Structures are given as structure tokens and as C-alpha cells.
> 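I am attaching a structure below and will ask some questions about it afterwards.
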Amino acid sequence: MSRPQSASQTAGPYVHIGCTPSAAGLENMYGGNDLGMDIFPLNTPGRKIVISGQVFDGAGDPVFDAMLEFWQADATGRYGANGSAGGWARRAVDPETGSYRLETILPAATQDAAAHVKVWVVARGINLGLHTRMYFDDEPGEQDPLLLAMKQSSRRSTLIAKRSGDEGYIFDIHLQGDKETVFLNV
Amino acid sequence: MSARHPFNPQDMSLQPPALTADYRSSRLRAPSQKLFSLDQGPGELTGPTFGHDLIGPNDNNLILNYAAPGAAAIGEQIMVHGYLLDENARPVPQALLEFWQANAGGRYRHKKDGYLAPLDPNFGGCGRTLTDEQGYFSLCTVRPGPYPWPNGGNNWRPAHIHFSCFGQGWAQRLITQMYFEGDPHIPLCPIVQTIADQKAIDRLTARLDMAHTVPMAFRAFRFDIVLRGRRSTLFENKLEGN
Ligand SMILES: [Fe+3]
């Protein structure tokens, strides 16, 4: 290796200026379109679902300045079909409530994993972006290597979004403490 | 090396740990459990791809991209340029870089920034670009001011520009900050000092680049960003018995 990798630094409290400028109040930047608002082009085939949740800190308080990114396969199990950004989305959590909402389609399982959405969390106080995965409580996961490895762990449930209503799933992220989410070294 | 080869691991001797008590915000936001190591699959080896049609002509010019017609942002005009590479020194082409910063007085255009330095009506503070085939990128901006921040003491951030970097795979995703050569706040800043390795800090510090500084116009600063590289064939080809 001839070049050492660059060190990460926190995204800070103003990450939204750079990544979701409309949400930060810079309404006309980039024609008013924040990147990653739509995860797939309209009419992409698949079962429509809505994922929502909050991010919590070690005191159990909501985090109001986090940014989340999502990366998932489509309903046929492909990532980034045709060299696109399809399957990628980004959300600033709501600055008043700390919640996020993502309308997407249910990803298919792939050869290496059960159906899941990859999640990346950055915020003030997070020095190195945190990777985790969101599985679905009504999709099969018995053969998934991560879920298998977590079989005996009380923290396994932190990786699983809970069905709520017709289309909805709830997925909260706990950065620290009793309910701490399983974060991944990928 | 094919696109299917896994990325080198995060080098934890160069990366900041999660819990860094001197940076107070990390205390309640640092996971206390070890990260769970997972093999990279198709979703880690690929990532979103962005096209040149996304990028407007002034997207990488923060002096002009928020300014009224005929106006410009106030401050020292600079050009920041460099290469996005991987650890194997290969260019990372057509990768999206996004950047954001405070204005010349150290004030962010953000509801939550109440610092007394005034907003500049002609400065938004964000930009973006795609790297070219050699991984090269450049941006024009005004040099950001240092600013005070609440961390329990008399804390000032060194002047800095935040960078968000997409590579070719999800595992390469990185957000970091660029500092300026000679800034006396670098060794005093608890956020910079979350990085234990002084050379790693030096690599986040842009150098004055007189070769690209344009007389009577603007100064240039050189800043390279290095993402995780892909492992060699020999290393990962488990199927053939390594
Ligand atoms: Fe900052």
C-alpha cells in the first residue's frame, strides 16, 4: 500500500449544509433538489414500504442533528442497477423531533444476505461513520450470516425493523447503552 | 483488480476511536460495544454512481454559487485542489465530493449557528464536484474563518472545510475535514486530536501550493484524499486455497 487512508472526522452539527442544503435552509441550492430524496426512480417494481424511526444517544435522548444514508438492493437483488444511484438515499433527521422517514421498496435477498437495507449514521460526536443493517421482522433471516452470528445475543433485535401497519416498518438506532444497536466493521 | 475484490479494512491506527472524552459530544454518542466484523458482499463492494449531468457549472465555486448576479462572497479567495486516490495510489474517478464550510467570519448558514459573526448574503457555504478520470478535483471558495464552539472551555475550531466522499463501494464512504497549513488551532482542537497519529493529521492539512497560485488573483492549496483500496488477488482468493 503506497498511500495511507485518510482519517475520518466528525460530520459535525452542520452536515446538512453540505449534504441536504434544502433541509438546512439553502432552498435554492442545486435547484432545490437535495440529493438522495428519492431512493429509486418512480415506478421501480417492488412492494412499497415506509421505514421510519429515530436515533437515540446513550442517555436515551433523541439525536436532532444526525444524517442517515441508506443503500439497498432492488426487488430483484441488484445493487445500483445499470450503474446508477438507485437504491441509495439520504435523510437528515427532523431537527424538531429527531425522526426520519424513508419511502422505498422491499429489497430482495442476495446470495450473501437476507433482505436488508444498509444504514450509515453520521452526526456531531460520531468520529467515524457507523454502519449497520436493517432487516425485516416478517422476512426470512435464518440463513443470514450476521443474524446467525447474533442468534444468542440480546442485541440481535436491534438489527430488525418491526412491521407496523400495511406498509410501515419502525427502525430506531441507539448509539450507546442498554439498547445499543449492533454496528458493523465492513 | 476487479470490482469484486474486497476493500482493505479500516486502519484503526489511523482512524479516530469512537469515544474521545476531550471531544464532549462523543461521550453519549460513541458505541461502547465492539464493531461486529462482517465479510463484504455485493452491497459493500458497490456504491451509488453519480453522473456528470448532476453537476451544475458553479457547483464547485462557493464564491459564486450562492451570490447575487454580479456579486461575490466576501473573503480571501482560494482554490483547493487535489486527487481522490485509494491506498494503492489508484485514482478514484467519477466520484462525488461534497464540501461545506463557515464563511470568512467563521459563521455557518444554518439555523443552529448563532455565532455573532455576520452572515454573508452572497455565501451559502456548500458545493460539490465529480472527480475526473485521474481522480482530480478542484473548488474555488473563500478561506473559512475559525469559530468558537461549546465544548466546556475556550474552544476554537481551526479553519476547515468539511468533505463528504463517495468512492466506488459502500465500504469506502468517508466524511472528513481539511485544515490549513500553519493554523495554530490544529494542535489545540479536541476534534482534530481525536486522531492519535500526527502524520494522519498532517495528511488532512492542505499545503500552500505556490505552483498553482495565480498572481494577483488567488492562492492555491493542495489536498489529497485517500480511500480504502481493494485487496490484491492473492490475499482474498479463498476458493483457491489461500
Ligand atoms: Fe465545521
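Values in this document were obtained by computation on a predicted structure and should not be read as measured data. Below, chains carry the letters A, B, ... as their sequence lines are ordered, and counting in each starts from 1.
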> What option among B:Ile55, B:Ile201, B:Asp11 has the most heavy-atom pairs under 4.5 Å with chain A?
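Going by pairs under 4.5 Å, I would pick B:Asp11.
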> What I want to check is whether the side chains of A:Tyr79 and B:Glu44 have a donor and an acceptor closer together than 3.5 Å.
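Per modelled atom types, A:Tyr79 and B:Glu44 side chains form no pair under 3.5 Å.
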> Given the options A:Asn28, A:Val122, A:Asp65, which has more heavy-atom pairs under 4.5 Å with chain B than any of the others?
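Looking at each of A:Asn28, A:Val122, A:Asp65 in turn, A:Asp65 comes out on top.
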> Looking only at heavy atoms, which two atoms of B:Lys112 and A:Pro95 are closest? And how far apart?
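For B:Lys112 versus A:Pro95, the nearest heavy atoms are NZ-O, 4.1 Å.
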> When heavy-atom pairs shorter than 4.5 Å are enumerated against chain B, which of A:Gly129, A:Ser84, A:Gly80 gives the highest number?
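Most pairs with chain B among the choices: A:Ser84.
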> Chain A heavy atoms under 4.5 Å from B:Phe163: which part of the residue, side chain, backbone, both or neither?
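The answer is neither part of B:Phe163.
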> Sort out for me which of B:Leu19, B:Ile225, B:Asp59, B:Leu38 touches chain A most, counting heavy-atom pairs under 4.5 Å.
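Result: the option with the highest number of such pairs is B:Leu38.
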> Of the backbone (N, CA, C, O) and the side chain (C-beta and beyond), which part of A:His116 lies under 4.5 Å from a heavy atom of chain B, both, or neither?
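Looking at A:His116, nothing touches chain B.
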> Taking everything shown except A:Asp138 itself, do over 12 heavy atoms lie less than 6.0 Å from its CG?
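Enclosed.
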> Which bit of A:Val186 comes within less than 4.5 Å of chain B, counting heavy atoms only: side chain, backbone, both or neither?
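Interface part for A:Val186: both.
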> Any non-hydrogen side-chain atom of A:Leu26 less than 4.5 Å from a side-chain atom of B:Cys126?
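They are in side-chain contact.
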> With side chains defined as the heavy atoms from C-beta onward, is the minimum distance between A:Cys19 and B:Trp100 less than 4.5 Å?
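They are in contact (side-chain heavy atoms under 4.5 Å apart), so the answer is yes.
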> Which bit of A:His174 comes within less than 4.5 Å of chain B, counting heavy atoms only: side chain, backbone, both or neither?
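It is neither, since no heavy atom gets under 4.5 Å.
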> Would a 4.5 Å heavy-atom cut-off, applied to side chains only, mark B:Pro48 and A:Glu69 as touching?
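Of all side-chain heavy-atom pairs linking A:Glu69 with B:Pro48, none is under 4.5 Å.
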> Test B:Gln33 against A:Gln176 for side-chain hydrogen bond (donor to acceptor under 3.5 Å, both in side chains), laying out the working first.
CA-CA 8 Å; B:Gln33 306 278 342; A:Gln176 188 190 86; over 6 Å; no
> Check whether more than 12 heavy atoms from other residues, nucleotides or ligands sit under 6.0 Å from atom CZ of A:Arg101, and answer yes or no.
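12 or below, so no.
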> As an exercise: rank B:Asp197, B:Asn58, B:Ile195 by heavy-atom pairs under 4.5 Å with chain A and give me the winner.
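It is B:Ile195.
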> Contact part of A:Ala24 toward chain B, heavy-atom cut-off under 4.5 Å: side chain, backbone, both or neither?
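Both parts, heavy atoms under 4.5 Å.
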> Specify which of B:Gln15, B:Arg109, B:His160 makes the most heavy-atom pairs with chain A at under 4.5 Å.
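So the answer, after comparing B:Gln15, B:Arg109, B:His160, is B:Gln15.
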> To the nearest 0.5 Å, what is the distance between CE on A:Met67 and OG on B:Ser164?
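Answer for the CE-OG pair, A:Met67 versus B:Ser164, is 6.0 Å.
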> What orientation do A:His131 and B:Trp170 show, parallel under 30°, tilted 30 to 60°, or perpendicular over 60°?
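The rings of A:His131 and B:Trp170 stand perpendicular, inter-plane angle above 60°.
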> Please assess B:Leu174 against A:Ser6 for the test side chain to side chain contact (heavy atoms under 4.5 Å, CB included), listing each intermediate value before the final yes or no.
CA-CA 9 Å; B:Leu174 176 74; A:Ser6 296; 4.1 Å; yes
> Which heavy-atom pair separates A:Gly25 from B:Lys111 by the least distance, and what is that distance?
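Minimum heavy-atom contact is N-NZ, 4.5 Å.
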> Any salt bridge between A:Asp61 and B:Arg29, counting N to O under 4.0 Å?
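So A:Asp61 does not pair with B:Arg29 through a salt bridge.
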> For A:Trp88 and B:Phe50, I'd like to know if the aromatic rings sit close, meaning centre-to-centre distance below 6.0 Å.
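So the answer is yes for these two rings.
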> With only heavy atoms counted, which part of A:Val121 is less than 4.5 Å from chain B, the side chain, the backbone, both or neither?
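No part of A:Val121 comes within 4.5 Å of chain B.
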> Which one of A:Thr110, A:Val15, A:Ile17, A:Asp57 has the most heavy-atom pairs closer than 4.5 Å to chain B?
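Ranked by contacts with chain B, first place is A:Ile17.
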> Donor-acceptor pair, A:Gln5 side chain versus B:Glu87 backbone, under 3.5 Å?
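No: the side chain of A:Gln5 does not pair with the backbone of B:Glu87.
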> Looking at B:Val192, B:Asp113, B:Leu227, which makes the most heavy-atom pairs under 4.5 Å with chain A?
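Highest number of pairs under 4.5 Å: B:Asp113.
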> Is a side-chain donor or acceptor of B:Gln10 paired with a backbone partner of A:Asn185 at a separation under 3.5 angstrom?
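No: the side chain of B:Gln10 does not pair with the backbone of A:Asn185.
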> Under a 3.5 Å distance rule, please check whether A:Trp71 uses its side chain to pair with a backbone N or O of B:Gly43 as donor and acceptor.
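Checking the backbone N and O of B:Gly43 against the side chain of A:Trp71, a donor-acceptor pair under 3.5 Å is found.
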> Select one option (side chain, backbone, both, neither) describing which atoms of A:Ala59 are under 4.5 Å from chain B's heavy atoms.
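A:Ala59 touches chain B through backbone and side-chain heavy atoms alike.
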> B:Pro31 versus A:Leu130: any side-chain heavy-atom pair under 4.5 Å?
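Yes, side chains in contact.
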> Check B:Tyr23 against A:Gly125 and note the closest heavy-atom contact, atom names and distance.
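For B:Tyr23 versus A:Gly125, the nearest heavy atoms are OH-N, 2.8 Å.
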> Out of A:Leu146, A:Thr181, A:Thr132, which one racks up the most heavy-atom pairs below 4.5 Å with chain B?
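The candidate making the most pairs under 4.5 Å is A:Leu146.
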> Tell me, for B:Thr194 versus chain A, whether the close heavy atoms (under 4.5 Å) come from the side chain, the backbone, both or neither.
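Only the side chain of B:Thr194 comes within 4.5 Å of chain A.
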> Evaluate the side-chain proximity of B:Leu204 to A:Gln9: yes if any heavy-atom separation is below 4.5 Å, no if none is.
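Sidechains of B:Leu204 and A:Gln9: in contact.
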> Write down the atom of A:Arg3, the atom of B:Ala89, and the distance for their closest heavy-atom approach.
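Between these two residues, the closest heavy atoms are CG-CB, 4.0 Å.
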> Side chain, backbone, both or neither: which part of B:Phe223 has a non-hydrogen atom closer than 4.5 Å to chain A?
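Neither; nothing under 4.5 Å.
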> If I measure from the heavy atoms of chain A, does B:Met178 come under 4.5 Å with its side chain, its backbone, both, or neither?
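When you check distances to chain A, no heavy atom of B:Met178 falls under 4.5 Å.
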> At a 4.5 Å cut-off on heavy atoms, which part of A:Arg78 comes close to chain B: side chain, backbone, both, or neither?
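The answer is neither part of A:Arg78.
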> Write down the atom of A:Ala7, the atom of B:Thr176, and the distance for their closest heavy-atom approach.
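Closest approach of A:Ala7 to B:Thr176: O-OG1, 2.7 Å.
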> Between A:Pro21 and chain B, which part of the residue has a heavy atom less than 4.5 Å away: side chain, backbone, both or neither?
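Just its side chain gets close to chain B.
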> Between A:Gln111 and chain B, with a heavy-atom cut-off of 4.5 Å, which part of the residue counts as in contact: side chain, backbone, both or neither?
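Answer is neither: A:Gln111 stays 4.5 Å or more from chain B.
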> Measuring heavy-atom distances to chain B, does A:Ala23 have an atom under 4.5 Å in its side chain, in its backbone, in both, or in neither?
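The backbone, not the side chain.
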> Between atom CZ of B:Arg128 and atom CG of A:Leu35, what is the distance when rounded to the nearest 0.5 Å?
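Between atom CZ of B:Arg128 and atom CG of A:Leu35 there are 6.0 Å.
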> Is a side-chain N or O of B:Gln177 found less than 3.5 angstrom from the main chain of A:Thr10, in a donor-acceptor match?
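Between the backbone of A:Thr10 and the side chain of B:Gln177 there is a qualifying donor-acceptor contact (under 3.5 Å).
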> What's the separation between atom CG in B:Leu28 and atom CG in A:Leu175, rounded to the nearest 0.5 Å?
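Nearest 0.5 Å value for the CG-CG distance: 9.5 Å.
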> Looking only at atom types and distance, does a side-chain atom of B:Tyr66 sit under 3.5 Å from a main-chain N or O of A:Met29, one as donor and one as acceptor?
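Side chain of B:Tyr66 to backbone of A:Met29, a donor-acceptor pair under 3.5 Å: no, none is there.
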> Where do A:Trp120 and B:Ile175 come nearest, in terms of heavy atoms and distance?
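Looking at all heavy atoms of both residues, the closest pair is CH2-CG1, 3.8 Å.
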> Please say whether more than 12 non-hydrogen atoms of neighbouring residues, nucleotides or ligands are located less than 6.0 Å from NZ in A:Lys162.
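Enclosed: over 12 neighbouring heavy atoms sit under 6.0 Å from NZ of A:Lys162.
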> Going by distance alone, is a donor N or O of one side chain under 3.5 Å from an acceptor N or O of the other, for A:Asn127 and B:Thr20?
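A pair is found: one side chain offers a donor N or O, the other an acceptor, under 3.5 Å apart.
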> What part of A:Val63 lies closer than 4.5 angstrom to a heavy atom of chain B: side chain, backbone, both or neither?
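Both parts, backbone and side chain.
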> Let me confirm one number: the OG-CG distance from A:Ser8 to B:Leu14, rounded to the nearest 0.5 Å.
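Result: 12.0 Å between the selected atoms.
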